[in-house]
Number of protein chains: 2
Amino acid sequence: MNGWITQLRKGLVELAVLNILAAGENYGYEIVQRLQDIEELTVTESTVYPILSRLTSEGLLKVRVASSPQGPPRRYFSLTVIGRHRLREMNDYWDELNASLVTLRVERERRQA
Amino acid sequence: MNGWITQLRKGLVELAVLNILAAGENYGYEIVQRLQDIEELTVTESTVYPILSRLTSEGLLKVRVASSPQGPPRRYFSLTVIGRHRLREMNDYWDELNASLVTLRVERERRQA
DNA sequence: AAGGACTACTATGTAGCGCGTAGTATGTAA
DNA sequence: TTACATACTACGCGCTACATAGTAGTCCTT
């Protein structure tokens, strides 16, 4: 299962990050910890930071630097207009994909019933 | 979106193939066409055949060769006991993953409402 | 004022899968 | 015998998650 799960997550962590940011701006370290809370999406910094960089350079995120109450300054990320639009498309696509898969399963169950 | 979709499919095509085979034995070419019918899962032979080989060498599938009414002999794949068990685990994991993602989205909608 | 602890981010290399592209071989029908 | 649909094989690339390791800023304690 392990290797499969790694593969399955491809693209998904990105979607999760965008969904987190849809709730409001956030910084890398905190995003990592929010994802840690979701068992199926547990990730490390080495997964999240590259994603944030990539999404920023693609114009889906914008950055704001602000000092932290403790530690080095934080880089707050938030969705751009393009990012918000893209997220909607991605969520829609995800839903369709899920529906297709469920259909595949249901067809089988029907055939076996 | 295109690149993202390619990434998102990783692991997913495998799951779809297993679900198709759960309905009964089938051969590569036909599986490809069944997947073509599902818009979100359209794939080519170069995606499906490697998956079938891999799953077979992992012991999740077994093969039976039978002549085709037209063209070269077909290699019929079907789930082994291990494969059936694994598929159940994978479907469960998928459902949890989907639920987690939906939760992330719902949290946001609530916060914004 | 110096050490440690926590915070926040950076750097680098690897594995694995989907996919593009191309090619091979079998059998039927005209 | 050539055309066509069927069925499968071979090879290489691009991208993402992830492991591992390292850097640096700020606070607290003694």
Side-chain angles (χ1 to χ4, degrees), chain A residues 1-18 25-36 38 40-58 60-61 63-77 90 93 97, chain B residues 1-18 25-36 38 40-58 60-61 63-77 90 93 97:
Chain A
M1 283 273 285
N2 273 355
W4 175 69
I5 290 176
T6 296
Q7 293 304 320
L8 192 62
R9 284 187 180 177
K10 306 222 169 202
L12 241 167
V13 181
E14 180 176 327
L15 180 57
V17 167
L18 285 171
E25 67 169 11
N26 215 330
Y27 56 100
Y29 201 77
E30 166 82 8
I31 292 173
V32 169
Q33 296 186 331
R34 291 238 18 218
L35 287 173
Q36 305 275 18
I38 307 172
E40 291 80 23
L41 286 171
T42 298
V43 289
T44 63
E45 291 146 292
S46 61
T47 300
V48 172
Y49 283 109
I51 288 175
L52 291 171
S53 298
R54 179 162 31 95
L55 293 178
T56 303
S57 76
E58 284 173 9
L60 305 185
L61 302 182
V63 195
R64 181 177 72 85
V65 179
S67 64
S68 163
Q70 200 172 16
R74 294 170 177 166
R75 308 182 61 221
Y76 282 92
F77 296 87
M90 288 166 79
Y93 188 85
L97 206 54
Chain B
M1 283 273 283
N2 273 355
W4 175 70
I5 290 176
T6 297
Q7 294 304 320
L8 192 62
R9 284 185 179 177
K10 306 218 170 199
L12 241 167
V13 182
E14 180 175 326
L15 180 56
V17 167
L18 286 171
E25 67 169 12
N26 215 331
Y27 56 99
Y29 201 77
E30 166 81 9
I31 292 173
V32 169
Q33 296 185 332
R34 289 237 21 217
L35 288 173
Q36 305 276 17
I38 306 171
E40 291 81 22
L41 286 171
T42 298
V43 288
T44 62
E45 291 146 290
S46 61
T47 300
V48 172
Y49 283 109
I51 288 175
L52 291 172
S53 299
R54 179 162 32 93
L55 294 179
T56 303
S57 75
E58 284 174 8
L60 305 185
L61 303 182
V63 195
R64 181 177 72 87
V65 179
S67 65
S68 164
Q70 201 174 15
R74 292 170 177 165
R75 307 185 61 222
Y76 282 93
F77 295 87
M90 288 166 80
Y93 188 86
L97 204 55

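Below, chain A is the first sequence line, B the second, and so on; all start at residue 1.
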Could you list the protein-to-nucleotides 5-7 of chain D atom pairs, N/O on both sides, closer than 3.5 Å?
from, atom 1, to, atom 2, distance (Å)
D:dT6, O3', B:Gln70, O, 3.1
D:dA7, OP1, B:Ser68, OG, 2.8
D:dA7, OP1, B:Arg74, NE, 2.3
D:dA7, OP1, B:Arg74, NH2, 2.6
D:dA7, OP2, B:Tyr27, OH, 3.3

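- When side chains are defined from C-beta on, A:Ile31 does not count as touching A:Tyr27, because their heavy atoms never get closer than 4.5 Å.
- Judged as a side chain to side chain donor-acceptor pair (under 3.5 Å), and not counting sequence neighbours, the contacts of B:Tyr76 are B:Arg74.
- In this view, A:Glu14 and A:Arg54 satisfy the salt bridge (charged side-chain N to carboxylate O under 4.0 Å, His left out) rule, not counting sequence neighbours.
- Residues that satisfy the side chain to side chain donor-acceptor pair (under 3.5 Å) test with A:Gln7, not counting sequence neighbours, are absent from this structure.
- The span of DNA chain C lying next to chain A, judged by atoms under 4.0 Å from heavy atoms, is bounded 5' to 3' by C:dT7 to C:dC17.
- Annotation: side-chain contact (heavy atoms from CB on, under 4.5 Å) contacts of B:Thr42 (sequence neighbours excluded): B:Gln36.
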Write out a two-atom table: protein N or O, nucleotide N or O from nucleotides 14-16 of chain D, distance below 3.5 Å.
from, atom 1, to, atom 2, distance (Å)
D:dG14, N2, B:Lys10, NZ, 2.5
D:dT16, OP1, A:Arg54, NH1, 3.1
D:dT16, O4', B:Gln7, OE1, 3.0
D:dT16, O2, A:Lys10, NZ, 2.1

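- Taking A:Thr56 as the reference, A:Leu61, A:Val63, A:Phe77 meet the side-chain contact (heavy atoms from CB on, under 4.5 Å) condition, with sequence neighbours excluded.
- Here the closest non-hydrogen pair linking B:Ala16 and B:Leu41 is CB-CD1, 3.9 Å.
- Of all heavy-atom pairs between B:Ile51 and B:Val13, the closest is CD1-CG1, 3.5 Å.
- Judged as a side-chain contact (heavy atoms from CB on, under 4.5 Å), and not counting sequence neighbours, B:Ser53 has no contacts.
- With sequence neighbours excluded, the residues satisfying side chain to side chain donor-acceptor pair (under 3.5 Å) with A:Glu25 are A:Arg64.
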